[in-house]
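Letters A, B, ... mirror the listed sequences (proteins, then strands); counts begin at 1.
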2 protein chains.
Amino acid sequence: MLTKQPGMAAMPATPREQAAGSNLLFLREAELRLAQDLLFFGYRDFTAGPDRLLAELNMGRAHHRVLHFVGRAPGMTVGDLLGILSITKQSLGRVLQPMIEDGYVTQAAGRVDKRQRLLSLTEKGAGLERRLYDCQREWVMRAYREAGPAAVEGFRRVMRGLMGEDARAELERLERAAQG
Amino acid sequence: MLTKQPGMAAMPATPREQAAGSNLLFLREAELRLAQDLLFFGYRDFTAGPDRLLAELNMGRAHHRVLHFVGRAPGMTVGDLLGILSITKQSLGRVLQPMIEDGYVTQAAGRVDKRQRLLSLTEKGAGLERRLYDCQREWVMRAYREAGPAAVEGFRRVMRGLMGEDARAELERLERAAQG
DNA sequence: GGAGAAGCGTCAACAATGCTGACCAAACAA
DNA sequence: TTGTTTGGTCAGCATTGTTGACGCTTCTCC
């Protein structure tokens, strides 16, 4: 249970402390270590609710991603989805095809480009997505309430900063598609 | 590329908009959808740097977690680590044993309880951990600088809120062990 | 001192989700 | 017409999680 062990007390603080040299750098290091911890624990618990729900339906996190993003921008192409998820079409296919067969997602041939398959959620798919969303809504709202509006704004700014260029572009397109 | 597809424009906005009823709820929904997106893209890109580095050494994210947490609280027991990671000992064993054999991590029998194996990083392990840390340091510092100090504080508050009770306790112990 | 519990390791099997490489078909574009 | 793009599929493999079942050493309690 992370009780202090005998071996620890004898050490000259942490190895980091020596390497840091200045107190400023040391503080900065502690800050960043904390960020690593927060992202690990936070992301894990953020996804825990949906994961439990999905497990009952023999689905995984990958299915949730498809439901989320297709629900967010209905009519998107397979290529769009691949771009957003940054995975191969083989990986996507293994998740997407069963979801189409089980009636969670529908495909429609594109009207301007018949090669494209435009993806949307069926009622069944939208229903499941909403249940998963509700899970996370509760959880995130709790965190938002506890932290307050100013913190939420800061959270968003930092998370945006943690995204790469590609993801920022992807997100902008998504937000436009969601209700441009 | 998420260009507006013909099918989309004909739809009565999004299904969400109808379900929402009030404008307030609708705005709240958009906020939470954004949170989902930010966490997905942000976490993915936050881990992308280390992932690339690890791949060259035939390691994965699980190895990074071990390096990170053992480095954070040297002398922790196997049980501690299992508690932090929330995985089974079999899953951990498959990652940890090779890391011990390859000289990244050392085990020492506990002095008060000889059943325990106290884990620490070797110099080799600490070196690799530092390289991985540097990757993320750059990335997080960039995000912190862009967002500003107030945003960083907000980010931390929200991330803490996204953690469950267990994770909060785990984090407290970690912070104490890191330099109590 | 002996019984049971706790901490750790390990074997085997399985599932989810990534990856590469190789092909194929339909539709578009030059 | 020819070449490219979009999407689908098969086969194989790696990582990382899961259960279930044992075994060994050590601690704790009666």
Q. Among dT17(C), dG17(D), dT6(D), which nucleotide sits nearest the side chain of Gln116(A)?
A. dT6(D)
**Q.** Candidates dG17(D), dC8(C), dT19(D) - which lies nearest the side chain of Gln90(B)
**A.** dT19(D)
What's [X] touching, base or sugar-phosphate or nothing? Going by heavy atoms closer than 4.0 Å.
X	value
Arg94(B)	base
Gly60(B)	sugar-phosphate
Gln97(A)	sugar-phosphate

Rounded to whole angstroms, how far apart are [atom1] on [X] and [atom2] on [N]?
X	N	atom1	atom2	value
Asp113(B)	dA6(C)	CG	P	12 Å
Leu82(B)	dG17(D)	CG	C1'	13 Å
Ile87(A)	dC19(C)	CD1	P	7 Å
Asp51(B)	dG18(C)	CG	C1'	11 Å

Q) If you count the non-hydrogen atoms of other residues, nucleotides and ligands that lie under 6.0 Å from NZ in Lys114(B), is the total more than 12? A) no
Q: Starting from the 5' end of DNA chain C, give me the residue, Lys114(A) or Gln107(B), whose nearest nucleotide shows up first.
A: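 On the 5' side of the pair lies Gln107(B).
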Q | Donor-acceptor pair present, Arg117(A) side chain and dG8(D) base, under 3.5 Å | A |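 Flag unset: no donor-acceptor pair detected.
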Q) Between the base of dT25(D) and the side chain of Arg115(B), is there any donor-acceptor pair under 3.5 Å? A)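 In this structure, the two groups form no donor-acceptor pair.
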(Q) Counting C-beta onward and ignoring hydrogens, is there a side-chain heavy-atom pair between Val66(A) and Tyr104(A) closer than 4.5 Å? (A)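 They are not in side-chain contact.
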Q: Nearest-nucleotide wise, let me know which of Val95(B) and Lys89(B) is further upstream toward the 5' end of DNA chain D.
A: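 The residue mapped nearer the 5' terminus is Val95(B).
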Q | Whether Phe46(B) and Tyr43(B) hold their rings parallel, tilted or perpendicular, with breakpoints at 30° and 60° | A | tilted
**Q.** Distance under 6.0 Å and angle within 45° of ring axis: Arg157(A) vs Phe155(B)
**A.** no
